[in-house]
Protein chains: 2
Amino acid sequence: MSETQQHDIYPSMTVSTDNKTEKIAPIKLGERLKEIRKTLGLTLEEASQKTGLARSTLSKIENEQISPTFQAMQKLTTGLQIDIPQLFSAPKKVTATGRRDITRNEEGKAHPTSTYEHELLAIQLTNKKMMPFKSKVRARDFSDYSAWIRHDGEEFLLVLSGEITFFSEFYEPVNLQQGDSVYYDANMGHMLISISDDDALILWVTAS
Amino acid sequence: MSETQQHDIYPSMTVSTDNKTEKIAPIKLGERLKEIRKTLGLTLEEASQKTGLARSTLSKIENEQISPTFQAMQKLTTGLQIDIPQLFSAPKKVTATGRRDITRNEEGKAHPTSTYEHELLAIQLTNKKMMPFKSKVRARDFSDYSAWIRHDGEEFLLVLSGEITFFSEFYEPVNLQQGDSVYYDANMGHMLISISDDDALILWVTAS
DNA sequence: TAACAAAGTTTCCTTTTGGAAACTTTTGTT
DNA sequence: AACAAAAGTTTCCAAAAGGAAACTTTGTTA
């Protein structure tokens, strides 16, 4: 039909993405989907194969000619590996802050403990989403710790040099060498010991 | 009909899980909706008035006899003043997830571009707060880029080997050597080039 | 436990979605 | 410019959703 009968398919709605609830103007689900598909570099045909939805159906959804069923939406989210909030949250809010903080090698802020020698990075910036630091792992034995280390958030760890054993509450210990990395939930008990001749050097990034 | 004709409305769906991508039971949207309605102390009739959906329709949704359209879902969320994620991530809030994902050296998922060779780490885990990856910086000149790279979130970068120049929109270029790191807002235009003989190797962690 | 009301379910029918295929537009190639 | 291939849109129809009303179940009171 040439006379677009764009009846308002979408009323306004609120979505709470992370921790803040934001009111989002009438969501253009179709528009949003198209954006996502484009950034994934997919054609309708490819998206069709990934999602199991017909190419024509995808087209109609993108052009807001139909309102997909929940079923269809599930196929979308699973097929394209996105999660539902992503489908709704507006793509951009330009908070063009332009912060930058450089930390030269060995010039972070030292913070020694009995088991680690931490070197905090990027301490000039506050309100960061991530906390990066390098650590020299001095612990050599399980008994160097009194209990699991456990805290909020998620943690990423990369071995910069040496070799360590990574203990965690729900898994068997693993050895990690230079270049190896782990990502884990930090509320799961965890601890590290060096097993190389020299104390291992670790890069750590935490987010909560 | 007393013989429940439960045709599978909801395909299985994977939700953020352990390092072994686990298939979580099909989301019981209906069940969830019923829970919500009950805690709000509403009858189907009242919910019907609030949402504008027929009482019968609500019943069918709750009993998983139909898969609501997105339109219907919006009426639900606006009418009952809930947000979408709430509809899905129902009885969760299991704080003690114990996810863990190890990526051995060089065994991340390759993702080459004209300027970088990215190696994505910890790809088994979804719904991460951070996205870690290593990159070999192939770009050698400003002109290798067509425009500033800019995206949501914050970024932390550590030079694993080699030397780079870090260009950014609001600052003078700086050279970074092995062990040096930067933390910056990724919506500020940025780009990297290698200036060492060998292509520099970078660790990158993004959070948004 | 009969009678009634309120809540919830099912039926029946209309409207809308979703898929296959026809059709149109865009992109690239010679 | 002419054509072919790829990408996207529209059409047509079967299948599924949504609403009104009939029906069933649950709960309350006499």
Side-chain angles (χ1 to χ4, degrees), chain A residues 1-11 13 26-80 84 87, chain B residues 1-13 26-80 84 87-88:
Chain A
M1 69 190 73
S2 57
E3 224 207 301
T4 5
Q5 63 145 157
Q6 284 289 34
H7 49 151
D8 263 14
I9 296 213
Y10 305 127
M13 171 160 88
I27 293 178
K28 288 287 166 37
L29 176 64
E31 208 172 78
R32 181 82 189 100
L33 174 61
K34 191 164 197 165
E35 269 176 39
I36 293 175
R37 180 172 62 83
K38 289 298 187 188
T39 57
L40 291 176
L42 299 174
T43 65
L44 284 179
E45 179 56 34
E46 291 165 329
S48 166
Q49 306 201 334
K50 280 186 184 299
T51 59
L53 289 166
R55 174 162 106 262
S56 56
T57 304
L58 291 173
S59 169
K60 287 182 232 173
I61 294 174
E62 289 192 352
N63 293 303
E64 256 127 48
Q65 291 175 1
I66 63 174
S67 167
T69 59
F70 177 57
Q71 228 176 346
M73 286 187 35
Q74 289 206 121
K75 289 185 183 170
L76 275 181
T77 54
T78 55
L80 302 182
I84 311 222
L87 256 183
Chain B
M1 71 193 69
S2 58
E3 243 212 283
T4 12
Q5 176 216 4
Q6 286 291 33
H7 49 148
D8 266 13
I9 294 221
Y10 302 129
S12 59
M13 183 174 183
I27 293 182
K28 289 290 175 25
L29 177 64
E31 208 171 79
R32 180 77 190 113
L33 175 60
K34 191 164 197 168
E35 265 175 45
I36 293 175
R37 180 172 62 82
K38 287 299 186 188
T39 58
L40 291 176
L42 299 175
T43 66
L44 283 179
E45 179 55 36
E46 291 165 327
S48 167
Q49 309 207 329
K50 281 186 184 299
T51 58
L53 288 167
R55 178 162 102 261
S56 57
T57 304
L58 292 174
S59 170
K60 287 182 234 174
I61 293 174
E62 289 191 352
N63 292 301
E64 255 128 49
Q65 292 176 3
I66 63 173
S67 167
T69 59
F70 180 56
Q71 222 175 351
M73 287 188 33
Q74 293 207 113
K75 288 185 184 169
L76 275 181
T77 53
T78 54
L80 302 182
I84 308 247
L87 256 183
F88 298 95

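Numbers restart at 1 for each chain; the letters A, B, ... are given by sequence-line order, proteins then strands. What you see is a predicted model; the values in this text were computed from it and never measured.
In this entry the distance linking NZ of A:Lys60 with P of C:dC23 reads 16 Å, nearest Å. As rounded to whole Å, 11 Å separates atom C1' of D:dA15 from atom CD of A:Gln71. One can place CD1 of A:Ile61 at 17 Å from P of C:dT16, the figure rounded to the nearest angstrom. When rounded to the nearest whole Å, the span between CZ of B:Phe70 and C1' of D:dA16 equals 19 Å. Distance, B:Leu76 CG to D:dG18 C1': 12 Å, rounded to whole Å. Following rounding to the nearest Å, A:Ile66 (CD1) and D:dG18 (P) show an atom-to-atom distance of 13 Å. Summarising the geometry, the separation between CD on A:Gln74 and C1' on C:dG18 is reported as 16 Å, rounded to the nearest angstrom.
Of the possible polar contacts, none joining the B:Thr69 side chain to the A:Thr69 backbone as a donor-acceptor pair under 3.5 Å is found. In this structure, B:Thr78 contributes its side chain and B:Gln74 its backbone to a donor-acceptor pair below 3.5 Å.
Interface residues of residues 40-49 of chain B facing DNA chain D, ordered by number: none; criterion, heavy-atom separation under 4.0 Å.
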- Message: Run A:Leu76 and A:Leu58 through side chain to side chain contact (heavy atoms under 4.5 Å, CB included) and show every step you take.
- Response: CA-CA 9 Å; A:Leu76 275 181; A:Leu58 291 173; 3.8 Å; yes

- Give the intermediate values and the outcome of side chain to side chain contact (heavy atoms under 4.5 Å, CB included) for residues B:Thr51 and B:Thr77. CA-CA 8 Å; B:Thr51 58; B:Thr77 53; over 6 Å; no

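For D:dG8, the OP1/OP2 oxygens have a side-chain nitrogen or oxygen of A:Arg37 closer than 4.0 Å. Proximity of B:Lys38 to the phosphate of C:dG8: a side-chain N or O atom is located under 4.0 Å from OP1 or OP2. Distances shown here put a side-chain N or O of B:Thr57 below 4.0 Å from the OP1 or OP2 atom of D:dG19. Close to C:dT9, at under 4.0 Å from its OP1 or OP2, lies a side-chain N or O of B:Asn63. A close approach under 4.0 Å does occur between a side-chain nitrogen or oxygen of B:Gln65 and OP1 or OP2 of C:dT10.
Each of B:Thr69 and B:Ser59 has a nearest nucleotide on DNA chain C; the 5'-most of these lies closest to B:Ser59. Where B:Ala72 and B:Arg55 meet DNA chain D, the nucleotide closest to each residue was compared, and B:Ala72 sits on the side nearer the 5' end.
Side-chain atoms of B:Gln49 and B:Glu46, non-hydrogen and from C-beta on, never get closer than 4.5 Å to each other.
Counting any heavy atom pair closer than 4.0 Å across all strands shown, A:Leu58 reaches no nucleic acid atom.
No N or O donor and acceptor, one from the side chain of A:Lys34 and one from the base of D:dG8, sit under 3.5 Å apart.
Salt-bridge annotation for A:Glu62 and A:Arg37: present, with a side-chain N of the basic residue lying under 4.0 Å from a carboxylate O of the acidic one. One finds no salt bridge joining A:Glu31 and A:Lys34 here, because no Lys/Arg side-chain nitrogen approaches an Asp/Glu carboxylate oxygen to under 4.0 Å.
Picking from D:dG18, D:dG19, C:dA20 the nucleotide with the shortest atom distance to the side chain of A:Ser56 gives C:dA20.
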